[in-house]
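This chain uses plain numbering: 1 for the first residue, then up along the sequence.
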Amino acid sequence: MAEMASRRVFTMASTLHGSGGVLRFDAPAKAPAPVLPSAVEEFASAQARGTLPSSGLYRHPLPMRAPRTGEQYAFAVDLDACTGCKACVTACHALNGLDPEEAWRNVTLLSGTSETAVVLQHVTASCHHCLQPACLEGCPANAYKKDTLTGIVRHLDDQCIGCRYCTFTCPYGAPQYVARLGIVRKCDMCAGRLNAGQAPACVQGCPNGAIRIELVERTEVEARARAESFLPHGAHPRLTEPTSRYAKRHWPEHLRLADPELLRPEEGHWPLAIMLVLTQLAVGAFFIGKLVQQAGTGIAVREGHAALSAATASLALGASLLHLGRPLLAWRAVLGLGHSWLSREVVAFGAFAALAAVAAAIEGGLLRGWGGALAGFVQTGAALAGGIGLVASAMVYRRTARPLWHGALWRFGLTTLLLGSAASAVSVLVHVPGSAAASERTVQGLAVAMIMLALVKLGLEARVFWWARKGLSSALGRAARLLTDVLYQWSVLRFACGWVGGVVVPLLLLVPVPPGSAQPFAAALVALLLLVSGELLERWLFFRAGVPATAVEVSA
């Protein structure tokens, strides 16, 4: 038996070392790594010593062979054996040298009911090394790789730009942002230990053997995802097809997080809020400004709308750099164009800013000979790029497991039209109109549009409060509680800015004034400033109340 085991060990070692996958281990020539016993060798040794279990069943925390085609490594967790001691968390933290606030594995407490009592259940979880990893698909810098042999989803630290988009897309909160390094890091199943025939830190650290590494068929994982067989309190497994398997003899009824009363706002991401509002202002000003020019009202805004759009879009792109942990590598954000909406957003708005600048130069007479069809081509291209950028921005947030963000398309679209109307009103009043009557009619039309758009947008935003009656078991209910409790003062300020800037002040633009009066311009400018302030607050609250479904939702 021992000789046969040795041959199998040699075969497995040869397979692993020659695979070219993440399990490749090249020991330094001058300091050979110690040869650790594999699962097969430990089994053979236990058999030779006569210490095998009397039941005839032998279970090891590692598989006895490498994955074959259609298989991969996965975590197997026996929840009946998990006591919530968090030895797995400590072992992972110590072995991987994590920062104090960083955790690649966590233990949550769930509560439910049985026929006679309340039941508490601890759940240990880390990266599930999904078949369809959302972190990999969303990363604009291609900083993730799923190993074809082992199935382990690894993060490539040297390629990460610190955009943190993977922390939005992962429904299980596996990627962790490390501010000290400006990058994201996550569990790699201790690939180096697996390569050496040793169990991952969390597996080896568990005193009850509640965590193991097993081989799973990918078809089996797909079937489990279709059957919704995963954690009752987690996101739907069809989102990413997680490979971890949780076993429990009986799931309590009405299972939910044991501490739902704790309201924890998410990070505000001010640079992203500024970038989103300014890009939408830029596109809206360009689009509405062109409509004003083409409406036959006699208003010649000239280069005002295009110059404003180009400057605002450039400022927005600059603000987005402040969100990156490694801004000098911002150029890598375009590498994921084929699969990442964030990359598409960056490319589209970059093209919009450039084309809007060219359009402004043409209309200002700085580019002679660029009139006619060529100018029309530039303006059409800018409008198209801006539209694509808006859709990409919305898809960046729709492709997450945060229900509040799923309405990003209407939020961003209404902001674009609202701020575009306000900016165009200011632009019309700044430039010399073709006639006073035409200027007055145009501004009044824009004021009516502002009032209608503001009422619609504020009404749709207030709709989230209806979800408060669903309670804290719903992500939208929790978001509503955040907006009406912890973030109440900011919510009131946001609605005040939107109401005054979008409804009250624009009403002043409908009141006739003597020719040459400065009142319309002052009112339009105040409305624009209040609306921009209100939209910035709305977008900040959008991030702060964007609770992930994995933290609060209970599967039906």
Side-chain angles (χ1 to χ4, degrees), residues 22 92 96 98-99 101-106 125-147 151-189 191 234-237 239-244 266-269 271-272 275-276 320-327 329-346 392-402 404-406 408 543 546-551:
V22 298
C92 174
N96 292 291
L98 306 185
D99 282 9
E101 301 300 323
E102 189 179 8
W104 293 357
R105 177 169 285 277
N106 62 79
S126 67
C127 176
H128 299 299
H129 301 277
C130 307
L131 295 187
Q132 304 295 333
C135 56
L136 184 152
E137 295 176 0
C139 179
N142 292 338
Y144 284 91
K145 176 183 179 182
K146 185 172 178 66
D147 187 78
I152 295 174
V153 179
R154 302 194 67 177
H155 181 263
L156 309 177
D157 293 357
D158 59 332
Q159 299 185 35
C160 181
I161 63 176
C163 68
R164 286 172 269 181
Y165 184 45
C166 56
T167 65
F168 295 164
T169 59
C170 176
Y172 306 107
Q176 301 285 308
Y177 179 68
V178 185
R180 177 179 61 86
L181 301 175
I183 62 172
V184 166
R185 299 196 296 189
K186 63 174 283 294
C187 160
D188 64 352
M189 207 178 277
H236 199 298
L239 292 173
T240 60
E241 298 180 347
T243 62
S244 298
E266 300 291 311
E267 187 177 350
H269 299 290
L272 287 184
M275 184 275 292
L276 289 172
S320 68
L321 295 178
L322 300 177
H323 186 257
L324 299 181
R326 303 168 76 183
L329 295 180
W331 60 271
R332 293 189 58 85
V334 303
L335 297 182
L337 189 61
H339 59 84
S340 174
W341 282 105
L342 184 56
S343 290
R344 296 163 187 167
E345 178 190 39
V346 171
S393 282
M395 291 304 297
V396 163
Y397 299 97
R398 282 181 59 87
R399 295 293 296 271
T400 66
R402 300 172 188 248
L404 183 65
W405 293 1
H406 293 172
F543 285 113
V547 182
T550 50

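When all heavy atoms of Leu324 and Ala330 are compared, the pair lying nearest together is CD1-CB, 3.6 Å. Gly336 approaches Asn142 most closely through the heavy-atom pair CA-OD1, 3.9 Å. The shortest heavy-atom contact between Lys145 and Leu156 is CB-CD1, 4.4 Å. Between Asp158 and Leu329, the shortest heavy-atom contact is O-CD1, 4.3 Å. Nearest approach of Ile183 to Arg326, heavy atoms of both residues: CG2-CD, 3.2 Å. The nearest pair of heavy atoms linking Thr167 to Pro175 is CG2-O, 3.7 Å.
Applying the salt bridge (charged side-chain N to carboxylate O under 4.0 Å, His left out) test to Glu137 and every residue at least two apart in sequence or in another chain returns nothing. Considering only residues two or more places apart in sequence or on other chains, Asn96 meets the side chain to side chain contact (heavy atoms under 4.5 Å, CB included) condition with Cys92, Leu98, Trp104, Cys190. Taking Ser126 as the reference, Phe75, Arg105, Cys187 meet the side chain to side chain contact (heavy atoms under 4.5 Å, CB included) condition, with sequence neighbours excluded. The salt bridge (charged side-chain N to carboxylate O under 4.0 Å, His left out) check on Glu241 picks up nothing, with sequence neighbours excluded. Scanning for ring-ring contact (aromatic ring centres under 6.0 Å, His included) contacts around Tyr144 gives His155, with sequence neighbours left out.
Side chains of His269 and Arg164 form a contact here, defined as non-hydrogen atoms less than 4.5 Å apart. Put simply, the side chain of Leu342 reaches to within 4.5 Å of the side chain of Cys163, judged on heavy atoms. Between Val184 and Gln176, the closest side-chain pair of non-hydrogen atoms is not below 4.5 Å. Proximity of Cys139 to Cys166: side-chain heavy atoms (C-beta onward) are nowhere separated by under 4.5 Å.
Side chains of Glu345 and Ser393: a donor-acceptor N/O pair is present below 3.5 angstrom, by distance only.
Panel note: side chain Thr169, backbone Thr400; no donor-acceptor pair is recorded below 3.5 Å. Not one N or O on the side chain of Arg399 forms a donor-acceptor pair closer than 3.5 Å with the backbone of Ala394. A donor-acceptor pair under 3.5 Å is absent between the side-chain atoms of Lys146 and the main chain of Leu136, judged by distance alone. Without hydrogens or angle criteria, Arg154 side chain to Asp188 main chain gives no donor-acceptor distance under 3.5 Å.
Screening residues 166-183 for salt bridge (Lys or Arg N to Asp or Glu O under 4.0 Å), with sequence neighbours left out, gives Asp99-Arg180.
Once rounded to the nearest 0.5 Å, the distance linking CG of Leu404 with OH of Tyr397 reads 12.5 Å. Taken from OG in Ser244 to NE2 in His128, the straight-line distance is 5.0 Å, to the nearest 0.5 Å. Rounding to the nearest 0.5 Å gives a distance of 14.5 Å between CZ of Phe168 and SG of Cys135. Here Lys186 contributes atom NZ and Tyr172 contributes atom OH; the two are 13.5 Å apart, rounded to the nearest 0.5 Å. We find the SG-CZ distance between Cys160 and Arg185 to be 11.0 Å, quoted to the nearest 0.5 Å. In this structure, CG on Leu131 lies 8.5 Å from OG1 on Thr240, to the nearest 0.5 angstrom.
Using the six-membered ring where Trp is involved, Phe543 and Trp405 have ring planes that are perpendicular, over 60° apart on the 30 and 60° scheme.
Ring centroid separation for the pair Tyr165 and His323 does not come in under the 6.0 Å cut-off.
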